[in-house]
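One structure is given below, encoded as structure tokens.
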Amino acid sequence: MSSGVLQASLAYAMWGLLPLYFHALSAVASVDIVLHRALWSLAFVGVLLLVLRRWRWLPDVARQPRVLGAFALSALLLSSNWLVYVWAVHHGRVVEASLGYFITPLISVLLGFFFLHERPRPVQWCALATAAAGVLWLTVAGGALPWVGLVLAATFGVYGLMRKVAKLGALEGLTLETLLLAPLAAGLLAWRMSHGGSTAGADASLLFLLALSGPFTALPLLLFAGGARRISLTTLGVLQYISPSIQFALGVWLFHEPLGGTRLIGFMLIWLALVIYTAESLLTLRRQAAAR
């Protein structure tokens, strides 16, 4: 196994195992976890940048309002994604959360079509239609739109689109995002603590667990960035299903979330869409490689 595959696999595995971590913090309100996560992530990446001496980019970025505005929006998307995900874990909806990350690649195809003027190939449209049928089935069978999965897919998809065209790398980008979130997070957390809305700081063990959100956020991102530089996009595209697969398994077999036959049909349609999408992408890349 190449180092790139190992790094990317570890990153996706860490993301997939995050429900275990958030489940251990079930005594803490979801919003408090997100506020702590922003602050501890900033502290962790700040130390990393100091050790690596990679702060020179910050003064230049601080003089570019458009860049700051773009990263403020990406920070909002990221924190919204975090909040919905933590809420889903705390409310027994890990399986539905995994749905969001299963369909994220297909959402990215749609975003590329609308914002980057990329033209999906006919088979990709077929995959999108199959996934849409799966979501429709889950909506009809469950009597409600699977909003957790759709919000996670939409926020992460748009976030990925913004980071794709951003000027900063993974570490610098996360630093700027958490730096922009920090004043709001610190102020809101202080307000909640002063009004008795947050009790996390009163328990040393919970505070220690919350502090771990810094490395648990930054390390998989750095592993992913390192792996992505060493392997092809095709390999990366296949590996990305590690994370939602782990989440799905945890939801069904560890947290014992319901997965009846009718609900399983919806997931099978979405998995079929992913098989169609992945197989078509692999065949297209092989044909392009053979033509060179």
Side-chain angles (χ1 to χ4, degrees), residues 1-22 37 40-42 44-49 51-54 57 71 74-75 77-78 81-82 85 97-98 100-109 111-112 116 118 152-153 155-178 212-250 274-275 277-286 288-289:
M1 181 185 294
S2 71
S3 61
V5 170
L6 180 61
Q7 286 178 303
S9 298
L10 284 173
Y12 283 122
M14 290 179 70
W15 281 323
L17 291 169
L18 275 179
L20 296 175
Y21 169 67
F22 292 129
R37 189 178 187 182
W40 288 113
S41 296
L42 176 60
F44 186 79
V45 295
V47 170
L48 278 181
L49 287 175
V51 171
L52 299 173
R53 298 180 180 180
R54 286 167 55 177
W57 56 272
F71 273 90
S74 69
L77 287 166
L78 184 62
N81 182 275
W82 287 353
Y85 187 82
S98 75
Y101 294 107
F102 274 126
I103 65 175
T104 294
L106 301 176
I107 294 295
S108 296
V109 173
L111 291 171
L116 300 180
E118 297 175 350
L152 288 175
T155 52
F156 197 73
V158 177
Y159 174 77
L161 174 68
M162 294 191 67
R163 290 304 304 271
K164 181 178 180 179
V165 298
K167 297 180 179 180
L168 298 179
L171 179 58
E172 291 81 3
L174 180 62
T175 302
L176 183 55
E177 287 163 348
T178 51
L212 290 177
S213 64
F216 285 173
T217 298
L219 288 177
L221 187 69
L222 296 176
L223 285 168
F224 172 80
R229 287 194 298 267
R230 292 175 173 84
I231 60 179
S232 68
L233 285 176
T234 304
T235 303
L236 199 63
V238 174
L239 293 176
Q240 70 183 331
Y241 299 123
I242 292 174
S243 177
S245 297
I246 293 175
Q247 294 169 21
F248 181 85
L250 289 174
L274 295 175
V275 169
Y277 170 78
T278 304
E280 193 274 344
S281 298
L282 288 171
L283 289 172
T284 299
L285 285 172
R286 285 185 181 180
Q288 290 173 348

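As a basis for the values below, the full set of heavy atoms in this structure was taken, side chains included, without hydrogen atoms, waters or symmetry mates.
When all heavy atoms are compared, the tightest approach of Ile103 to Ala153 is CG1-CB, 3.7 Å. Closest of all the heavy-atom pairs between Ala11 and Leu223 is CB-CB, 3.9 Å. Shortest non-hydrogen contact noted between Leu152 and Gly100 is CB-CA, 4.5 Å. In terms of heavy atoms, Ser41 sits closest to Ser213 at OG-O, 3.8 Å.
With a 4.5 Å cut-off on side-chain heavy atoms, Tyr159 and Asn81 do not count as touching. Considering only heavy atoms from C-beta on, Pro19 comes within 4.5 Å of Tyr85 through its side chain. Residues Trp82 and Leu18 have side chains not in contact (no heavy-atom distance under 4.5 Å, counting atoms from C-beta outward). Annotation: side chain of Phe22 is in contact with side chain of Arg37 (closest heavy-atom distance under 4.5 Å). Looking at heavy atoms from C-beta onward, Ser74 lies out of side-chain contact with Leu78 at the 4.5 angstrom threshold. Looking at Leu106 and Leu274, their side chains come closer than 4.5 Å, going by heavy atoms from C-beta outward. Looking only at side-chain heavy atoms (C-beta outward), Leu171 and Leu52 come within less than 4.5 Å of each other.
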Show your working on side chain to side chain contact (heavy atoms under 4.5 Å, CB included) between Val45 and Leu221 and close with a plain yes or no.
CA-CA 11 Å; Val45 295; Leu221 187 69; over 6 Å; no
Walk me through whether Gln7 and Ser3 qualify under side-chain hydrogen bond (donor to acceptor under 3.5 Å, both in side chains).
CA-CA 6 Å; Gln7 286 178 303; Ser3 61; 4.8 Å; no
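For Phe216, the ring-ring contact (aromatic ring centres under 6.0 Å, His included) criterion is met by Tyr21, not counting sequence neighbours. Contacts of Leu111 classified as side-chain contact (heavy atoms from CB on, under 4.5 Å), with partners at least two apart in sequence or in another chain: Ile107, Phe115, Val158, Leu161.
Considering CG of Leu176 and CG of Leu42, their distance stands at 10.0 Å, rounded to 0.5 Å. Note that CE of Met14 is 11.0 Å distant from CD1 of Ile246, once rounded to the nearest 0.5 Å. Interatomic distance, Thr178 OG1 to Phe44 CZ, rounded to the nearest 0.5 Å: 12.0 Å. Distance CD/Gln247 to CG/Leu20: 10.5 Å, rounded to 0.5 Å. Separating the CG atom in Leu168 from the CD atom in Glu177 is a distance of 9.0 Å, to the nearest 0.5 Å.
Trp15 and Phe224 have tilted rings, their planes meeting at an angle from 30° to 60° on a 0 to 90° scale.
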